[in-house]
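Input: a single structure, listed below in structure tokens.
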Amino acid sequence: MALAEPDLERGLDGASPVGLSACPACVAAPSAERIAAMAAPADARIMLSLPAAHCAACISTLEQAAQTVPGVRSARLNLTLKRLSVEAAPEVTPAQMIEVCRKAGYEAHELDPGLLSATETDRQGRELLMRLGVAFFAMMNVMLLSVAVWSGAEGVTRDMFHWISAAIALPTVVFAGQPFFRSAWASLKVGRLGMDVPISLALILASSISLFETIYSGHHAYFDAAVMLSFFLLLGRYLDHRTRAVARSAAQELAALEVPRAIVVTDGSEVTKPISEVLAGDLVLVRPGGRMPVDGVVVAGTSELDRSLLTGESLPVWAGEGTQVSAGEVNLTGPLTLRVTAAGRDSSLHRMADLVAVAESAKTRYTSLADRAASAYSPLVHLLSFSAFGFWMWQTGGDLRYAVNISAAVLIITCPCALGLAVPAVVTAASGRLFRKGLLIKQGTALERLAKVDTVVFDKTGTLTLGQPEVTNLAEHPKVAREVALALAGASSHPLALALSEAARAEGLRPARVEEIREVPGYGIEGLWKGRKVRLGRAEWCGAAETLPVTATWLCTGDDGAAPRAFTFADRLRPGAVEVMAALKAQKMRVILLSGDSQGAVAALAARLGIEEWTAGCLPAEKAARVAALKAEGAHVLMVGDGLNDTAALTAADVSISPATALDAARTASDIVLLGQDMAPVADALRISRQSTRRMVENFMISGGYNVIAVPLALIGAATPLAAALAMSLSSITVSLNALRLK
Amino acid sequence: MEILGLLIPVSLFLGGIGLLAFVWAMRSRQFDDPDGDANRILTKDWDDRPRP
């Protein structure tokens, strides 16, 4: 609200680059423009995910780059969420902004702002933070007064201090304790004893007994304990909520990555529609580079399709009139017009995704360490407190006041303060660390499951490789041939052509003078060079007799008798793949490569990375069966994959990781998402997860240790409010510090 | 001990100012991007004059 205004003005100012207005009038002028902007039609709100943004320089580079685009009113980078939000005139498109970010050196993905709006106003988180702040204020003030009492305030002074404490603490407990009271009530109604029941009981008992003692000018009041309890527990609750909110917004962010639109052709005009409005029988146009939004049959155009996400094949497949295409495939060279056979819910992509959803709900739920601790701890606390009450009632011959005092002290001391912090603090520290490395934890328990992993299964295309080709034999060809190839390749946006021209340019070659260049979609590129017809493209089109077992494109230079030359390609390795393999070997992991691609390509990659166990030509079901078999042997499997053919295996594995470029279904099925291109964080994730599980167990032991010392004191009635405060704060602080030790 | 009658209200008042500041910061969404705000102080933009 208060921040929105400078943003708006800054945006207008940013229209003239980098903001330093030359004359004072320019500074004054925006007010008129601002009014105009207010009245302008609905602005486009563009949200981009920028996994690589990390520092102050990123903020100014990206914001300034975004503001050089005409029509952009304001751009603000949220570094915590690594998200750039742009307010712009309606004509500014997300693709334009992605291009600007790419030029500035950052990888960007479009997000659907509609899906994200829910996380932007994280009301629950803000409410918790507010309660936390109030509890903190009350804790500090009550503690100040309590210290005076502990250091020997007597009589009327003590009573006055107690009364002031009560005036601060009671409203605080009522306000700050609400989340606990509510969930305790909910769990009592279904007849369960959750962690929140002893918490609520301790809060209520501590407050009411202290009030009673204050009225009868007793010596001990536990107001400080009551507010401290609510502060530390709220802290744990807030950390827990933050991790979950990040996970939830991550899930939404991923869903929002694929903005579902299709270009529908009606009576010769093209209309962009959301997928949900496309009907079977419609004509849909898919431009080169676009992903098929629906299932359909090609009715016009020829092109090549990249099916790697669905099947794992790295070679493009030819498509022409009559070819069946499935949603999720990528159109490479020519525009295709499809007659829709199934759209939205009925498309094969969605049917696969539904299968995943079914498999996921069938997955046995993992009980986290925290759940197990809570279910053991909660009955114990009640039992101790009630038996203390019973014992002292009997011992003192019915001194209700004394017995209730003791049982309240027991409840306060055993109250799972440190326990409530033990897991959230570690998870927050670990997931924050992993997020900075480019890994997003979607599932809270993923870290614990990851810690047990001893077998890592990788997919090939799109996971270990980028699915981008790289020329392997450029130097084997004569310079003339390379220059002609560069001239031809430069005219196409086919991935092989792009790779070829990039490699040739990197060698400092200049394109030969080839005229009348035209691309024949689905076949290749042809042109006239020194009066002779030259072609670059498919083997049979260029007149090559043989075909190679590897990806290749052919150059026919028109020399009579000279055989066409083959430029061979290999899939480019994902950055960090080599490092990951080395790190996994160092951690003594068993590494397996399962791919749907051909024997030759898989064998080559396995040799390059030093993977001993690999299988080529795997069908999706075979992958899942293999993972299940490994699990049956007692292995804990981490599956890393990106394609639709991996989703079943991703769901079957103990824990799974997929890159951000993966298909929606694959990302939904996996627990962790790799945001950047680099693969190296996967090894870090394994290391950090093992470390964090160790920290969690340590934390349980620390808080248990404090209880072992303090509970006997409370049971024999020797625990003063000072002892309770010390035990509580010391254990909470040690537990948090221990969590921060994570590296 | 009479001084307590003054000191306690003063300390509560000061604490209350802190609480109000927190509530204001909370409401104006200053906790939405802690990492970004920590980094923004390092940029040189608007060092010579405030943002218009």
Side-chain angles (χ1 to χ4, degrees), chain A residues 1-7 9-10 12-13 18-21 26-31 53-61 63-64 76-83 120-122 125-127 129-130 132-134 136-138 140-141 144-145 148 153 156-157 160-161 164 167-168 432 435-436, chain B:
Chain A
M1 280 147 268
L3 287 177
E5 220 170 26
D7 255 4
E9 288 179 80
R10 179 193 172 135
L12 288 164
D13 190 69
V18 200
L20 285 169
S21 302
C26 303
V27 184
S31 59
H54 66 281
C55 65
C58 304
I59 297 181
S60 42
T61 318
E63 287 181 354
Q64 282 173 13
R76 194 173 172 89
L77 181 74
N78 185 325
L79 202 61
T80 316
L81 296 169
K82 298 187 190 291
R83 213 179 261 172
E120 281 277 284
T121 51
D122 177 14
R126 285 223 302 274
E127 226 169 66
L129 194 56
M130 186 69 89
L132 188 66
V134 171
F136 182 72
F137 159 80
M140 284 317 189
N141 282 289
L144 198 72
L145 297 163
V156 193
T157 322
M160 185 184 73
F161 280 0
I164 300 172
I168 301 168
F435 186 64
R436 254 165 302 187
Chain B
M1 278 306 185
E2 288 81 32
I3 195 68
L4 281 180
L6 187 67
L7 281 183
I8 291 174
V10 165
S11 91
L12 284 181
F13 174 72
L14 288 176
I17 290 178
L19 185 66
L20 283 182
F22 170 73
V23 170
W24 167 76
M26 185 79 223
R27 292 244 161 110
S28 58
R29 300 176 163 240
Q30 295 185 33
F31 293 100
D32 279 8
D33 182 14
D35 288 358
D37 293 336
N39 275 292
R40 262 169 218 280
I41 54 166
L42 299 175
T43 58
K44 291 215 163 67
D45 316 346
W46 315 111
D47 268 6
D48 46 349
R49 66 193 168 90
R51 201 151 88 175

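For the numbers below, each heavy atom of this structure counts, side chains included, while hydrogens, waters and symmetry mates do not. Quick caveat: nothing in here was measured; it's all calculated off a predicted structure.
Residues forming a ring pair (Phe, Tyr, Trp, His ring centres under 6.0 Å) with A:Phe137 (at least two apart in sequence, or on another chain): none. B:Met26 meets the side-chain contact (heavy atoms from CB on, under 4.5 Å) test with A:Arg126, A:Leu129, A:Met130, B:Phe22, B:Phe31; sequence neighbours excluded.
Heavy atoms of B:Ile41 lying under 4.5 Å from chain A are absent altogether. Neither the backbone nor the side chain of A:Phe136 comes within contact range of chain B, judged by heavy atoms closer than 4.5 Å.
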**From CA spacing to verdict: side chain to side chain contact (heavy atoms under 4.5 Å, CB included), A:Asn141, A:Ile164** = CA-CA 10 Å; A:Asn141 282 289; A:Ile164 300 172; over 6 Å; no

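Of the inter-residue distances, the one linking B:Leu12 atom CG with B:Ile17 atom CD1 reads 11.5 Å to the nearest 0.5 angstrom.
Put simply, of B:Thr43, B:Asp37, B:Leu42, the one with the most heavy-atom pairs under 4.5 Å next to chain A is B:Thr43. Options A:Cys58, A:Ala56, A:Cys55 differ in how many heavy-atom pairs under 4.5 Å they form with chain B, and the most are formed by A:Ala56.
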